[in-house]
Student: 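Below is the structure I would like to discuss, written out as C-alpha cells.
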Protein chains: 2
Amino acid sequence: MDAYNYIKEAIIHGKYEPGMRLGEEFLAKELKLSRTPIREAIKQLESEGLVTPLKRGVSVRHFTREDIQQIYDLRTLLEGYAASQAALHRTEEDIQKIKKANARYEEAIERYQEKDMNSIKEIVNFNQQFHEAIISACKNPHIYFHLSKVVVVPLVFRSFYWYNSFELKRSLEVHKTILLAIQSQDSERARVAMTEHIYQGRDQVLAHLDEIKKIHVLKEDSQ
Amino acid sequence: MDAYNYIKEAIIHGKYEPGMRLGEEFLAKELKLSRTPIREAIKQLESEGLVTPLKRGVSVRHFTREDIQQIYDLRTLLEGYAASQAALHRTEEDIQKIKKANARYEEAIERYQEKDMNSIKEIVNFNQQFHEAIISACKNPHIYFHLSKVVVVPLVFRSFYWYNSFELKRSLEVHKTILLAIQSQDSERARVAMTEHIYQGRDQVLAHLDEIKKIHVLKEDSQ
DNA sequence: AATTAACGCTTTGTATACAAACAGTCAATG
DNA sequence: CATTGACTGTTTGTATACAAAGCGTTAATT
C-alpha cells in the first residue's frame with residue numbers, strides 16, 4: 001500500500017486522531033519510507049481536506065458540529081440528486097449491482113458483533129459499495145468523483161461504530177426502499193429516501209460526537 | 001508563484017493545451033525548478049482532475065461534450081443551492097460584496113475589447129468574484145471548497161473568450177436579477193435564476209467547442 | 001522583572017543522485 | 001513475414017543531502 005492510502009486509512013480508523021500533528025519525519029519512520037513520497041501523499045490529503053495546514057506541517061482535520069451539519073447538507077443534495085438520476089437512467093446491470101451490494105450488507109449485519117473493528121470495517125465497506133453502485137448508476141461520473149471527496153470517510157466510519165443491531169437493520173430497510181424506488185424509476189421517491197437516509201447517518205454522528213474523541217484501535221486490528 | 005499555481009494558470013489560459021503531455025523534466029526546465037516541487041504540484045492537479053494520469057506521467061485533461069454537460073449539471077445543482085441559501089442567510093455585508101463585484105464586472109464589460117486576453121482575464125476575474133461572493137454568502141464553507149473544484153476554470157475561461165458584447169451585457173443583467181432575488185430573500189427565484197445563468201454559460205462553451213482547440217496566447221500576455 | 005536579541009534546534013523546502021519501470025527498436029527465430 | 005526477446009534510452013519513483021525558515025530558550029539590557 002502506498003503512503004497516501006496508508007495515511008488515509010490511519011485517519012479513517014482513528015489511529016491518527018483529529019488534531020494530531022503529522023510531521024514528515026514521523027510519517028517517514030512509521031511507513032519506513034523517505035520524506036519524498038510522504039510529502040506527495042500529504043499534498044493530496046490536503047487538497048481533499050482530510051488534513052489542515054499548520055504554519056509548519058499539517059494536522060489531522062477536526063470536524064466541528066457545524067462542519068458535520070454543513071457537510072451532510074452538501075452530501076444529501078448531491079447523493080439525493082444521484083439517487084433521483086439513478087432512478088431515471090439505471091440499467092438492469094446497475095440494479096443487479098445495487099442488489100448484490102445490499103445482500104452482502106445484510107449478511108454482514110447478521111454477522112455483526114458490537115464494537116468489533118473487523119466487523120465494522122466489513123459493514124462500512126458493503127454500505128459504501130451500495131452507495132457507490134447507486135452513484136455510478138446515475139451515469140454522471142463527475143458526481144462520483146466529487147462525492148467521493150464530499151463524503152468524509154472518518155465520519156462515516158465513526159457513525160457505524162455507534163450503530164446497534166436495531167439501527168443497522170433499520171438502515172438496511174431504508175436501503176431496500178431506495179433500491180425499490182430506483183428499480184421502479186420513481187425518481188422523486190429515490191431522492192427523498194436517500195436524503196432521509198443520509199440525514200439519519202448525520203444524526204448518528206452528531207449524537208455520539210462528544211462520547212469519545214478517539215475510537216480505540218485494537219491490537220488485533222492492525223494486520 | 002509556486003509550481004502548482006503556475007501550471008494551473010498555464011492550463012487555464014491554454015498555454016498547455018488539452019491532451020498535451022506534461023513531463024516532469026519538461027516542467028522542471030520550464031519553471032527552473034527541480035523535479036521535487038513539480039511532482040507535488042502534479043499530484044495536487046491530479047486530485048483536482050485538471051490533469052489525467054497516463055501510464056507514465058500525466059497529460060492536460062481534455063473535456064468532451066459529455067463531460068461538459070455533466071459538469072455543468074453538477075454545477076447548477078450546487079451553485080443553484082448556494083444561491084438559494086444565500087438568499088436566506090445573507091447579511092448586509094454579503095450584499096455589499098456581491099454588488100461591488102458586479103459593479104466592477106460592469107465596468108470591465110464596458111472596457112471590453114474583443115479577443116483581448118487581458119480584457120478577458122479581467123472580466124473572468126470579476127465574474128468569479130461575483131459568484132464567489134454569493135457562494136460565501138450561503139454560509140456553508142464546504143460548498144465553497146467543493147464548488148471551487150467542480151468549476152473547471154479552463155472551461156469558464158474559454159466560454160468568456162467567445163462572448164460578444166451583447167452576450168456579456170445579457171449576463172450582467174442576469175447577475176442583477178440574481179442579486180435582487182438574494183437581496184429580497186426570494187430563495188427559489190435566486191436558485192432558478194442562478195441555474196439558468198449557468199446553463200447559458202454551458203451553452204456558450206458547447207457552441208464553440210469545435211471552433212478551435214486552443215486559444216492562442218499572445219506574446220504580450222506573458223508577463 | 002520584563003522585553004528583546006541572538007543562538008541553536010527542529011522541521012519543512014529544494015536539489016541531486018541513484019534505482020526501477022516502461023517504451024521503442026532491432027535482431028533472432030519460428 | 002510476424003512474433004518474441006533482449007537491449008537501450010527515457011521517464012518516473014525513492015533516498016539523501018543540503019538550504020531555508022520557524023520556534024523555543026537563554027542571556028543581555030533596560
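Below, chains carry the letters A, B, ... as their sequence lines are ordered, and counting in each starts from 1.
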Student: Measuring to OP1 and OP2 of C/dT10, would you say a side-chain N or O of A/Arg21 lies under 4.0 angstrom away?
Tutor: no
Student: List the steps, then state whether side-chain hydrogen bond (donor to acceptor under 3.5 Å, both in side chains) holds for B/Glu92 with B/Gln96.
Tutor: CA-CA 6 Å; B/Glu92 190 51 45; B/Gln96 290 315 315; 3.0 Å; yes
Student: Rounded to whole angstrom units, what separation is found between the CG atom of B/Asp2 and the P atom of C/dG13?
Tutor: 11 Å
Student: Within the modelled atom types, does a donor on one side and an acceptor on the other bring the side chain of B/Arg56 and the base of D/dG13 under 3.5 Å apart?
Tutor: no
Student: Could you check how far CZ of A/Arg35 sits from P of D/dA17, rounded to whole Å?
Tutor: 12 Å
Student: Can B/Glu48 and B/Lys149 be counted as an ion pair, charged N to O under 4.0 angstrom?
Tutor: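 A salt bridge is absent here (no side-chain N lies under 4.0 Å from a carboxylate O).
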Student: Looking at B/Ile38 and B/Ala3, what are the two nearest heavy atoms and their distance?
Tutor: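 Heavy-atom minimum between the residues: CD1-CB, 4.4 Å.
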Student: Which comes earlier along DNA chain D counting from the 5' end, the contact point of B/Gly23 or that of A/Ser34, where each point is its nearest nucleotide?
Tutor: B/Gly23
Student: Could you check B/Gly57 against A/Lys32 and say which one's nearest nucleotide on DNA chain D is further toward the 5' end?
Tutor: B/Gly57
Student: When the distance from CD of A/Glu24 to C1' of D/dA19 is rounded to whole Å, what number comes out?
Tutor: 15 Å
Student: Give the rounded distance in Å between these two atoms: CG of A/Leu27 and C1' of D/dT14.
Tutor: 16 Å
Student: So which heavy atom on A/Gly80 is nearest to which on A/Arg191, and how close?
Tutor: O-CG, 3.1 Å
Student: Kindly say if A/Arg39 contacts the phosphate of C/dG13, meaning a side-chain N or O under 4.0 Å from OP1 or OP2.
Tutor: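 So the side-chain polar atoms of A/Arg39 do come within 4.0 Å of the phosphate oxygens OP1 or OP2 of C/dG13, strictly under.
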